[in-house]
Participant: 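Starting off with a structure, shown below.
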Protein chains: 2
Amino acid sequence: MPRVTIEVLAERLGLSTASVSYALNGLPGVSATTRTRVLELADELGWRPNVGARALSRARADAVGLLLPRGAEDVGAEPYYMALLAGIESGLAEAGTALMLRFVPDGADLAVYREWHAEHRVDGVFLTDLRIGDPRPALLDRLGLPYLVHSGHRIADGWRFGQELETSLLIDHLAGLGHRTLLHVAGPQTLVHEQERIQEVRRACVAAGIALTTVEADYTHEGAAEVVRAAVQRGPDVSAVLCGNDPMAIGCVRALREAGREHRVAVVSWDDSVLCETSFPSITALQRQPYETGRESARLLLSGLSGSWREPEPSSARLVIRETSVPA
Amino acid sequence: MPRVTIEVLAERLGLSTASVSYALNGLPGVSATTRTRVLELADELGWRPNVGARALSRARADAVGLLLPRGAEDVGAEPYYMALLAGIESGLAEAGTALMLRFVPDGADLAVYREWHAEHRVDGVFLTDLRIGDPRPALLDRLGLPYLVHSGHRIADGWRFGQELETSLLIDHLAGLGHRTLLHVAGPQTLVHEQERIQEVRRACVAAGIALTTVEADYTHEGAAEVVRAAVQRGPDVSAVLCGNDPMAIGCVRALREAGREHRVAVVSWDDSVLCETSFPSITALQRQPYETGRESARLLLSGLSGSWREPEPSSARLVIRETSVPA
DNA sequence: CTGAAAGCGCTTACAG
DNA sequence: CTGAAAGCGCTTACAG
């Protein structure tokens with residue numbers, strides 16, 4: 001079938017392509033009746049702008065990029081990312097903006113940003129998993145490519161993730177169950193938000209009179225099982241464990257089971273998902289609404305692209321209490 | 001910084017933009033030395049084609065689309081999809097083709113294909129989860145938008161998914177453990193590959209002398225738990241269960257646990273993931289290499305886009321034996 | 001082997 | 001309120 005372009009519309013209506021363009025884009029410069037005629041014909045013929053042509057003339061891609069930096073296996077293991085992805089995409093789709101998704105091996109990310117920029121592929125990008133000394137913001141600033149750090153807000157010398165509320169939900173819950181000894185299995189300390197969490201957890205434990213031990217693991221269930229195993233052997237009096245994500249919470253429960261203590265030690269996870277829900281025993285977890293926060297991130301980036309960065313909505317995490325919420 | 005375009009390159013080299021274009025695209029029409037000079041300068045200045053301009057003049061988007069039709073929750077629950085996504089993207093990236101990803105509510109998919117086509121957003125699309133009487137192939141044929149049914153191959157009147165090998169891996173394993181009674185918890189029978197599986201499983205069970213009961217569930221752990229619970233109450237002699245995906249396998253194990261039989265009944269899952277790996281007891285599952293099959297699908301679609309559909313490689317699933325592989 | 005020119009389908013000053 | 005025209009950055013017959 002012949003492609004329907006604005007020229008086709010213009011010819012059939014006896015107008016110039018300029019008028020048709022003004023009409024289609026809701027710009028002044030055409031009478032109300034002309035506009036209606038244009039819109040009706042466009043609708044009837046199923047006209048849609050050729051994205052290439054529009055991108056070229058507007059010097060805008062109407063697309064934004066997201067790089068998932070970790071190996072496919074890790075990302076697949078965390079349902080959090082799929083929900084986040086779906087949320088981001090849904091927020092973008094409402095504005096007619098496309099999502100460019102790439103999974104890149106460690107270290108290849110900077111090259112992709114340069115490529116995207118040079119090719120005019122994207123108007124902006126999302127950043128997740130900000131690391132200490134992360135080179136990405138500096139590169140993007142230099143390129144002039146707008147970006148949004150997911151869940152972050154800018155402070156003088158970096159980014160904050162505002163996890164005070166989440167921390168108190170978790171710690172207050174454990175304190176309320178009577179726990180006075182906590183093992184915090186944190187994620188990689190190369191991540192800014194994980195360092196921030198450690199500080200927050202420390203503060204909350206001091207306030208709640210909880211003795212805290214912090215260990216680091218790599219976000220995998222194996223890694224977490226290992227550190228929990230070691231901790232249980234070292235001090236069999238551990239009464240509660242806080243895990244940085246859901247695979248680690250699963251690994252933790254497994255290590256506790258090996259020690260015959262899976263129904264005696266409280267476990268809470270910083271992320272919720274079907275993993276926590278279907279675990280045995282099922283795991284109390286922070287429901288952080290990745291789908292909703294993804295939508296919010298999309299709206300924020302879009303606001304920035306159209307000239308004025310909006311303030312982020314406060315996060316609305318809630319705790320889902322399950323079987324691992326055992327008293328001390 | 002000023003955009004580097006082929007015009008910039010042409011000026012600096014004292015050439016026409018045509019020659020520069022020929023050189024950059026490896027086309028005949030320029031001398032070897034000219035080509036080298038062009039490529040070197042392009043590299044030095046970091047030139048990359050403006051995708052909008054290229055799409056417009058070539059009438060090609062250099063992008064393909066993938067719609068994930070189910071709600072974000074369901075998709076997030078199945079790690080299979082994230083790995084598939086990563087594989088597809090990685091296969092496309094090697095050819096410089098972008099992936100357009102959309103999560104659409106039921107029924108909205110056809111409109112998106114029309115949109116993509118009219119906007120020249122994509123050169124082709126992937127189809128997953130083909131349904132009985134699925135309207136998508138007909139629409140895409142009509143639009144002239146090339147498509148690939150993931151894991152499928154075309155037969156006279158539809159598509160086949162070639163699951164004989166996978167079926168025998170599963171059934172032979174259970175037969176080898178001495179099981180003679182099988183409950184098959186199949187996924188939605190609206191899906192072509194699920195109907196095909198039922199046939200294959202039936203055939204394999206007849207061959208192996210296994211008495212088969214087939215029930216349908218909705219790919220969720222709750223749904224599977226319910227049907228397994230009912231089956232166990234009806235006939236407490238069920239000795240093995242085959243589940244259509246990993247969340248259902250988890251639900252099955254839970255239902256068996258409620259009946260105190262989780263260490264007595266064999267469970268195998270048609271998909272593997274961290275869910276099966278970390279379950280207690282851990283679940284024997286078919287490792288279907290979604291990342292690799294995703295890459296293969298990408299290569300196949302790309303081959304079709306460049307004019308000649310390649311034959312798919314045979315699938316290379318293998319069974320990962322775990323704790324639920326208990327003898328009869 | 002190289003260059004001048006038209007064209008892809010839009011947008012957008014500018015003149016009427 | 002409307003139209004003729006240039007321009008976005010490429011590609012590609014066509015003529016030299």
Side-chain angles (χ1 to χ4, degrees), chain A residues 1-39 41-42 45-63 96 115-123, chain B residues 1-39 41-42 45-63 96 115-123:
Chain A
M1 52 188 110
R3 292 300 185 184
V4 26
T5 65
I6 59 169
E7 189 167 350
V8 171
L9 300 179
E11 259 171 31
R12 308 242 318 212
L13 293 167
L15 293 169
S16 70
T17 58
S19 299
V20 171
S21 175
Y22 292 138
L24 291 168
N25 289 297
L27 295 174
V30 285
S31 66
T33 57
T34 303
R35 188 185 306 279
T36 311
R37 290 175 59 221
V38 171
L39 291 175
L41 185 63
L45 301 186
W47 176 87
R48 301 242 77 203
N50 176 313
V51 286
R54 182 168 269 186
L56 186 57
S57 56
R58 286 190 178 170
R60 232 179 47 200
D62 283 320
E115 228 178 80
W116 277 351
H117 177 254
E119 293 179 349
H120 285 67
R121 278 250 188 219
V122 299
D123 302 317
Chain B
M1 50 190 110
R3 294 301 185 182
V4 25
T5 65
I6 59 168
E7 191 167 350
V8 172
L9 300 180
E11 260 172 30
R12 306 240 321 209
L13 294 168
L15 293 169
S16 71
T17 58
S19 299
V20 172
S21 174
Y22 291 139
L24 290 169
N25 289 296
L27 296 174
V30 284
S31 66
T33 58
T34 302
R35 189 184 306 279
T36 311
R37 288 174 59 218
V38 171
L39 290 175
L41 185 63
L45 300 186
W47 176 86
R48 301 241 77 204
N50 176 314
V51 287
R54 181 168 269 185
L56 186 57
S57 56
R58 286 191 178 168
R60 232 179 46 200
D62 283 319
E115 229 179 81
W116 277 352
H117 176 253
E119 294 179 347
H120 286 65
R121 279 248 189 221
V122 298
D123 302 317

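Everything numeric in this text was worked out from a predicted model, so none of it was measured. Convention: sequence-line order gives letters A, B, ...; per-chain numbering from 1.
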Participant: Hey, is the main chain of B:T17 close enough, under 3.5 Å, to the side chain of B:S21 for a donor-acceptor pair?
Facilitator: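 Not at all, since once roles are kept as given, no pair shorter than 3.5 Å links the two residues.
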Participant: When you measure from the side chain of B:N25 to the backbone N and O of B:L27, does any donor-acceptor pair fall under 3.5 Å?
Facilitator: no
Participant: Expressed as a whole number of angstroms, how long is the span from B:R60:CZ to C:dC8:C1'?
Facilitator: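 From B:R60 CZ to C:dC8 C1': 14 Å.
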Participant: Mind running side-chain contact (heavy atoms from CB on, under 4.5 Å) on A:L13 and A:V38 for me, showing each step along the way?
Facilitator: CA-CA 8 Å; A:L13 293 167; A:V38 171; 3.8 Å; yes
Participant: For the atom pair CZ (A:R54) and CZ (A:R60), what is the distance rounded to the nearest 0.5 Å?
Facilitator: 8.0 Å
Participant: Base contacts versus sugar-phosphate-only contacts with protein, heavy atoms under 4.0 Å: please encode nucleotides 11-16 of chain D as B, S and - from 5' to 3'.
Facilitator: BBB---
Participant: So what is the 5' to 3' dot-bracket string for DNA chain C, if pairs are Watson-Crick or G-U wobble with both distances under 3.5 Å, crossing pairs use [ ] and | means the partner sits on another strand?
Facilitator: |||.||||||||.|||
Participant: When the distance from CD of B:E11 to P of C:dA4 is rounded to whole Å, what number comes out?
Facilitator: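 Computing the B:E11:CD to C:dA4:P distance gives 12 Å.
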Participant: Measuring from A:D123:CG to A:H117:NE2, what's the distance to the nearest 0.5 Å?
Facilitator: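 It is 10.5 Å, given to the nearest 0.5 Å.
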Participant: More than 12 foreign heavy atoms under 6.0 Å from CZ of B:R12: is that the case here?
Facilitator: no
Participant: Rounded to the Å, how far apart are B:N50 CG and D:dG7 P?
Facilitator: 17 Å
Participant: Indicate, with a heavy-atom threshold strictly under 4.0 Å, whether B:R35 touches base, sugar-phosphate, or nothing.
Facilitator: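 Answer is nothing: B:R35 stays at 4.0 Å or more from every strand.
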Participant: Between A:S57 and A:A53 (side chain of the first, backbone of the second, donor and acceptor by atom type, cut-off under 3.5 Å), is there such a pair?
Facilitator: yes
Participant: Quick one: are A:L15 and A:V30 in side-chain contact, heavy atoms under 4.5 Å?
Facilitator: no
Participant: Counting the atoms with a prime plus P, OP1 and OP2 as sugar-phosphate, which does B:R48 contact under 4.0 Å by heavy atoms, base, sugar-phosphate, or nothing?
Facilitator: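 Sugar-phosphate, no base atom in range.
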Participant: Does A:S16 have a side-chain nitrogen or oxygen under 4.0 Å from the phosphate oxygens OP1 or OP2 of D:dG3?
Facilitator: yes
Participant: In whole Å, I'd like the distance from the NE2 atom of A:H117 to the P atom of D:dG9.
Facilitator: 13 Å
Participant: Could you tell me the separation between the CG atom of B:L56 and the C1' atom of D:dC8, rounded to a whole number of Å?
Facilitator: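 In whole Å, D:dC8 C1' lies 9 Å from B:L56 CG.
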Participant: Quick one, B:R121 and B:E115 - any side-chain contact, counting heavy atoms below 4.5 Å?
Facilitator: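 Answer no - side chains too far apart.
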Participant: In whole Å, what is the span from the CG atom of A:L9 to the P atom of D:dT2?
Facilitator: 16 Å
Participant: What is the separation between atom CZ on B:R37 and atom C1' on C:dC1, rounded to the nearest whole Å?
Facilitator: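 Going from B:R37 (CZ) to C:dC1 (C1'), I get 13 Å.
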